[in-house]
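Here is the naming used below: chain letters follow the sequence lines, and residue numbers restart at 1 for every chain.
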Amino acid sequence: MRISAYAERLLRGLDTIDWTESLKETQRNWIGRSEGASMWFNVDGHNDLKFEIFTTRPDTIFGVSYMTLAPEHEMVKEIVTDEYRDAIEKYISDTSKRSERERMAEVDKVSGQFTGAYAIHPFSGEKIQIWIGDYVLASYGTGAVMAVPAHDSRDHAFAKKFGLPILQVINPKDELGEDFDIQEESFDSKEGTIINSDFITSMEVKEAIAEVIAQVEEMGIGKGKINYRLRDAVFSRQRYWGEPFPVYYVNGLPQMIENEHLPVVLPEVEKYLPTETGEPPLGNAIVWAWDTELNKVVENDKIDDEKIFPLELNTMPGWAGSSWYFLRYMDAGNSEEFVSKESESYWGSVDLYIGGSEHATGHLLYSRFWYKFLKDMGYVSNEEPFKKLINQGMILGTSAFVYRVKDTNKFVSKGLKDQFDVTPIHADVNMVVNNELDVDAFKAWREEYNDAEFILEGDKYICGSEVEKMSKSKYNVVSPDVIVEDFGADALRLYEMFLGPLEQYKPWKTDGISGVYNFLKKLWRLYHNNDAFEVSDVEPSKEALKTLHKTIKKVREDIEKFSFNTSVSTFMIAVNELGAQKCNSRAILEPLAVIVAPYAPHIAEELWQKLGHSDSVSVVDFPTHNEEYLKENDHTYPIMFNGKRRFELTFPIDANPKEMETVVLAHEKTIAQLNGRAPKKVIIVPKKIINVVG
RNA sequence: GCCCAGGUGGUGGAAUUGGUAGACACGCUGGACUUAAAAUCCAGUGGGCAGUAAUGCCCGUAUGGGUUCAAGUCCCAUCCUGGGUACCA
């Protein structure tokens, strides 16, 4: 699939979507756009031979001291001289044996071999040695580079190892100083002035790049070029299960099954594993042949290669479905097209996508690619599939540790463990409450611990703890079912939100759930007197209205920002305040149930019913706040001296700053603070602070 | 190595545009109710110093500098943690 053809659009599109910067950056790096030039070099003594290199630094053309080809480069065998033939062949066979993994692990290891051949410098006409080296990748650019050791760290390492010349052609910007030793370290930055470089000498780097490109284009030996790191991908999956290709083989040649006979449905198999002969899992199927007369899938043993043929065993890769499944939701019942024009134009692209960042360079890049392709084909109308994307953080587990004294069956409490030689062991978190181990449960946990002994602190065994991914092997898995059983689904839902920001990784600690559980109980009590449901129709108090409306305002803002943890805090504050106000006014409690509903739907629904409604709380309009109720008559200002708060004063909201200043300066505490000094300045920020400078 | 995100009490976290750091909650301490426990409610809770107390002062958002009347927030440098990436010319 030629995703590389969309590289530029995939890159530019990133500027138009509301995704996290880190995710966009990962995609940018993966696409890997680099701007430079491709140039042709002639080979000395071979009039008919020339080769192409790609460089992002044409400005360093006069610093070239050798050329490097990838070992796999097709020209190597033609140019190698007899003297070096054996050495080159040995090097090629050695590097081909090294697996990609080895090459990755040995990045620092520099290796290479001279070919005996020379290239001709296009401007100076000088002869330049041609080497091969496995730091040049055959699959990127042209598989050949012009090596400028003075200004490229990899070329520098290579040159140093093989004693090749290092020619400086850029003078670093002043602050890096004269004492920069180019023989010791390369200068890769583009901040500097060109030296020793014929017609580009004394130009700035940027200028020189453009000038060299113009010159080689005029000479017909090169041109400006943009390269991408992004590679095309094979549309197939060998080892796993996936959507089947509607393809069968006649004499080994693939044939497409006609549209009208689709879909081809996957067969039943015993196991989803490759066959013993190494074929894909579909090779295990016994009903996987195509009958060209009946136009259906039939048993393999009927294959006669005349009317009945074998079907393709490879399947489609994961992104065959994941790249566009969301479009199908718009028109799931449509049996003619994946989505109708009407549905597509109604729904458009996805407004909000919540997903993990681990899909940055796979699913999320391919989805964008497919979507752009579908747009080009006229099937969808937007350029990007996911307008906004949030990476949700993972809920981590809090592991508990007990400390076994080495070579014994004794366990020492955390506070005393430093007095012994101990091994930390994961204990099941379900046996631990507030870091205290249920000793009997631990003994019963496993046979080997039945007669364990404990060295306690006071009368308790205190466990150590550590935050890790939830995993069975770490015994830190907390099942949501158990939480729902103990506290209810609303408490679970609220607590997950309350733990912290949506995008953040955060540790689960069951102990903390009592906070939201208490909140739910307090909420319930607002609508009840003892156990009886009781709300009144009396006019709500000013304070209650203020509490309600500031809550509505804040929660609406939080929802816009996906800041659900602060919403939950806001509800807690509201319920605490209304409780203190002894509010049980219907005019307050009805809208309260509505705004709580998205967060704690079960309890809200039940309260809504008790309030006498027969429809669901989820279909009621979300209330809007009224600024009238939020108006303050006065504001309590911190009185600060040189930025340090010393006391507070309350002023009417519309107080004149001049008058406020007079009152502040006349205050006895101000006089005490100033201690005889004259204030230089008084800064008054309305509804914020008053700062006296002096 | 490079790129990105982050570092705030005992803990999870809050803090609008630079404007009272620590909201809310957990935990902890003390108290009320109770024969007792659970549940519930009330009060306190960043650290330090002084004071019988009211209160006052100093320090404090990873570290060191800087800008500002004022910095968790802005700038520079450093350290640490998490994630991504791996010779891409």
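Annotation: A/Trp131 is in aromatic contact with A/Phe162 [ring centroid separation under 6.0 Å].
Straight-line distance between the C1' atoms of B/rA15 and B/rU73: roughly 10 Å, to the nearest whole Å.
The side chain of A/Gln673 contributes an N or O atom lying less than 4.0 Å from OP1 or OP2 of B/rC57. Proximity of A/Arg645 to the phosphate of B/rC69: no side-chain N or O atom is located under 4.0 Å from OP1 or OP2. Side-chain nitrogen and oxygen atoms of A/Lys644 include at least one within less than 4.0 Å of the OP1 or OP2 phosphate oxygen of B/rC59. The phosphate of B/rA25 (OP1 or OP2) has no side-chain N or O of A/Asn565 nearer than 4.0 angstrom. The side chain of A/Asn227 contributes no N or O atom lying less than 4.0 Å from OP1 or OP2 of B/rA89. Distances shorter than 4.0 Å separate some side-chain N or O of A/Ser34 from OP1 or OP2 on B/rA89. Side-chain nitrogen and oxygen atoms of A/Lys521 include at least one within less than 4.0 Å of the OP1 or OP2 phosphate oxygen of B/rU40. Of the side-chain N and O atoms in A/Asn518, none sit less than 4.0 angstrom from OP1 or OP2 of B/rA25. The shortest distance between the side-chain N/O atoms of A/Gln504 and the OP1/OP2 oxygens of B/rG13 is below 4.0 Å. OP1 and OP2 of B/rA5 both lie 4.0 Å or more from every side-chain N or O belonging to A/Asn391. Between A/Arg525 and B/rC41 there is a side-chain polar atom (N or O) within less than 4.0 angstrom of OP1 or OP2.
Minimum atom distance to the side chain of A/Ser569 is reached by B/rC24, of the listed B/rC87, B/rC24, B/rG84. Each of B/rU11, B/rA86, B/rG19 was ranked by its minimum atom distance to the side chain of A/Arg229; first place goes to B/rA86. For A/Asp511, the listed nucleotide lying nearest its side chain is B/rC26; candidates were B/rC26, B/rU20, B/rA89.
The pairing partner recorded for B/rA23 is none, the criterion being a Watson-Crick or G-U wobble arrangement whose two distances lie under 3.5 angstrom. Nucleotide B/rC57 has B/rG48 as its partner under the Watson-Crick or G-U criteria, with both atom distances under 3.5 Å. When Watson-Crick and G-U wobble pairs are counted only if both distances are under 3.5 Å, B/rG82 pairs with B/rC4. Nucleotide B/rC41 has B/rG31 as its partner under the Watson-Crick or G-U criteria, with both atom distances under 3.5 Å. In a base pair of the Watson-Crick type (N1 to N3 plus N6-O4 or O6-N4) or a G-U wobble (N1-O2 and O6-N3), with each distance short of 3.5 Å, B/rA70 is matched with no nucleotide.
No donor-acceptor contact under 3.5 angstrom links the side chains of A/Glu503 and A/Thr20, judged on distance only.
Looking at heavy-atom distances under 4.0 Å, A/Lys225 makes no contact with the nucleic acid at all. Within the nucleic acid shown, A/Phe498 comes within 4.0 Å of at least one base atom, counting heavy atoms only. The residue A/Thr68 sits apart from the nucleic acid: no heavy atom pair falls under 4.0 Å. Contacts of A/Ile683 with the nucleic acid, taken as non-hydrogen atoms under 4.0 Å apart, include base atoms. Note on A/Val145: a base of the nucleic acid sits closer than 4.0 angstrom, heavy atoms only.
A salt bridge links A/Lys160 with A/Glu184; the closest basic N to acidic carboxylate O contact falls under 4.0 Å. We find that A/Asp15 and A/Arg28 are joined by a salt bridge, their nearest charged nitrogen and carboxylate oxygen being less than 4.0 Å apart. Between A/Asp511 and A/Lys509 there is no salt bridge, since none of the side-chain N atoms of the basic residue sits less than 4.0 Å from a carboxylate O of the acidic one.
Residue A/Tyr637 is the one, among A/Asp152 and A/Tyr637, whose nearest nucleotide of RNA chain B lies closer to the 5' end (criterion: closest heavy atom).
Distance alone, capped at 3.5 Å, places no donor-acceptor pair between the A/Lys474 side chain and the A/Glu468 backbone.
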